[in-house]
Amino acid sequence: MEKVFSHPKSLRNVSTHYCAGCGHGIAHRLIAEIVDELGIRERVIGVAPVGCAVIAYDYWDFDCSEAAHGRALAVATGIKRVRPQNIVFTYQGDGDLAAIGTNETIHAANRGENVTVIFINNAVYGMTGGQMAPTTLLGQKTTTTPLGREIKLHGYPLKISEMLALLPAVKYIERVSLHSPPEIIKAKEAIKLAFQNQIDNIGFSLVEILSPCPTYWDMPPKKALDWIKEVMMKEFPIGRIK
Amino acid sequence: MSKKILMTGNEAIAEGAIQAGCRFYAGYPITPQNELPAYMAKRMPEVEGVFIQAESELGAINMVFGASAAGARAMTSSSSPGMSLKQEGISYIAGAELPAVIVNVMRGGPGLGNIWPAQSDYFQATRSGGHGDYHSIVLAPSCVQEAYELMFLAFDLADKYRTPAIILGDGMLGQMMEPIRLSAEHRTPNTEHRKKWTLTGCKGRSPNIVKSFYMVEGDLEKFNLTLQRKYKTIQQKEERFESLFLDDARIILVAYGSMARIAKSVVNNLRKKGKKVGLVRPITLWPFPQKAFTYNLSPKTYYLVIEMSYGQMLEDVKLTINGKAKVEFLGRAGGGIPTEEDIMNKIKRISV
Amino acid sequence: MAKIIIDREKCKGCLLCVSFCPKGLISVDKDLNRRGVKPVKFSPRPVLRSPQGEGGSFSKGGCLGCAMCAIICPDCCIEVYK
């Protein structure tokens, strides 16, 4: 009997601090699988965010840097410009990438930095305890929108991927989802392309991943996946954006 | 001997950085330091370095974080309001133990203030300007030649101690032109082979992590103690100052940067008239040069602190002298600069 | 016949694998792991009777080695052998 699925080399064999059913673990694994498959473990440099994935570098088994909240793409810019031969990616949540770091995100994209961005959209701030994110859906209850997000008070869910797609220097943007095994396989293909683009010097590539947060959506894990499919994807349709 | 060339302080700082091996600059426009990034924009491509006009001060300092993590000698520059924005990044740089050089060409504050020279960011530079218990090494040049030369020291110390080093200048120093002699000295830009902790990809070694985050109970305290030991070493080894006539001086002027030039001129004039005055000019503001304050400590000696602020370095002088001599203060800020006449009048009042 | 091996100590009990196994071969263990949750366990023969998950009713037979469980597992607890 042959082992057909196991732990990727670039993922340390440790337990994560993530809640049961959290999508971060899947996204981490996909990145590690791709790093292995592309044979880039010895030249990849990851930039971890502030948020639930703050210690992603404890899980990946390759060089990584932290970044201050929202500044991952500024840090990645510094690394990539100094070491263009390395493969540099950021891993950022919705608050990090699309609220506190919007400026760094838009300008790194507009400069066409040849980096790969993995953007985890789970429509909520997890690390700080379930506050409204820029991507929180209308009507979604969070600790800071106890009655649900309202247009009048909080504006609309921010579609940063669609915004970034307007920039000429942005080469590839796709939104994917982790709500089922087939979608996870598609997500992996998208992430792989985003890394391959960097290897081929094509330029700024971003994959937005709709990812479950059962804890702060207040749902069992399977229901959280169903919620992505039935509710979240209506606001954030998956597929290639650019 | 090489010939002298005429440069502004801002340009001299930039050229000094290049000669010191700096190959990464990111910055955001702000007066009165704009000649510095303009010079870098022209000069960096000539030495195969990187120049980025960042989207903000936050962007710039975090690019420096990344560049330094990747092994480059990296710097940014700004002026007071921009320095406030950079504090987040400086704290992270100190916490991740990265070397970096940050230039502050100070202007008047608080708030948007104005664009005239000031020394009102002394506290911000010498106390941890951002969050957490950390220090940056702070160097204060007082002429264009020194501004050029201190860049070598700034990068060397930053690398040696893996810590941010701040060049604390002001609008006067940044804007003035003086003839300077360029050094024949060069530093090699590629220092990564000496920095085992840099992010280069984990080929042939276990992965490197650049971080300032310690969640396991006790780890952060341990790390802080390591930092404190490092700061103690810096305090013991890296104090620098210039002094004049301390042996017999009864009134010792204390000033740094541009302000020290005016103070020095007063001291030299009064010495010609036989007055027993002296000068202490701190070159390192952190570590504060305590050794400079060991002369003639008696209740009859006056230390006259002169600043383009309302008394910031004054506190360090008082802490150092600790009541063993009299401490007086003369300061103006917000564009006002204590003149030779102001200083003479103050000395007259003290000596009466 | 394929099989899976579950790292029961790493399992956080999210039960996503249970939902996505097309054969109903994964169920909840009755004993707690060191983490304090009841992890999932694999049985070569179907143990679940009522249809769950996306696939509707279970098809007959043992493990296909399709790796749906491993792909959906957020904690990388499952190895698949075929």
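Below, read A as the first sequence line, B as the second, and so on, with proteins coming before strands; counting in each chain starts at 1. Keep in mind that what you see is a predicted model, and the values were worked out from it rather than measured.
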Peer 1: Could you grab the distance from atom NZ of A:K222 to atom CD1 of C:I72, nearest 0.5 Å is fine?
Peer 2: 8.5 Å

Peer 1: Non-hydrogen atoms of chain A under 4.5 Å away: do they reach the side chain of C:I4, the backbone, both or neither?
Peer 2: neither

Peer 1: Any side-chain heavy atom of C:I71 within less than 4.5 Å of one from A:E183?
Peer 2: no

Peer 1: Is the count of non-hydrogen atoms from other residues, nucleotides or ligands lying under 6.0 Å from A:D218 atom CG greater than 12?
Peer 2: no

Peer 1: Out of A:P220, A:A27, A:P214, A:P221, return the one with the most heavy atom pairs under 4.5 angstrom to chain C.
Peer 2: A:P221

Peer 1: Just checking heavy atoms, which of residues 6-23 of chain A are less than 4.5 Å from chain C?
Peer 2: A:S6, A:H7, A:P8, A:L11, A:N13, A:V14, A:S15, A:T16, A:H17, A:Y18, A:C19, A:A20, A:G21, A:C22

Peer 1: Answer yes or no: does atom NZ of A:K192 have more than 12 heavy-atom neighbours from other residues, nucleotides or ligands under 6.0 Å?
Peer 2: yes

Peer 1: Rounded to the nearest 0.5 Å, what separates atom SG in C:C73 from atom CZ in A:R29?
Peer 2: 7.0 Å

Peer 1: Check whether more than 12 heavy atoms from other residues, nucleotides or ligands sit under 6.0 Å from atom NZ of A:K242, and answer yes or no.
Peer 2: yes

Peer 1: Within this structure, what is the CG-CD1 distance for the pair C:L16 and A:I26, rounded to the nearest 0.5 Å?
Peer 2: 7.0 Å

Peer 1: Considering only heavy atoms from C-beta outward, does the side chain of A:F5 approach that of C:K82 to under 4.5 Å?
Peer 2: no

Peer 1: Nearest 0.5 Å please: distance from the CE atom of C:M68 over to the CD1 atom of A:I185.
Peer 2: 5.0 Å

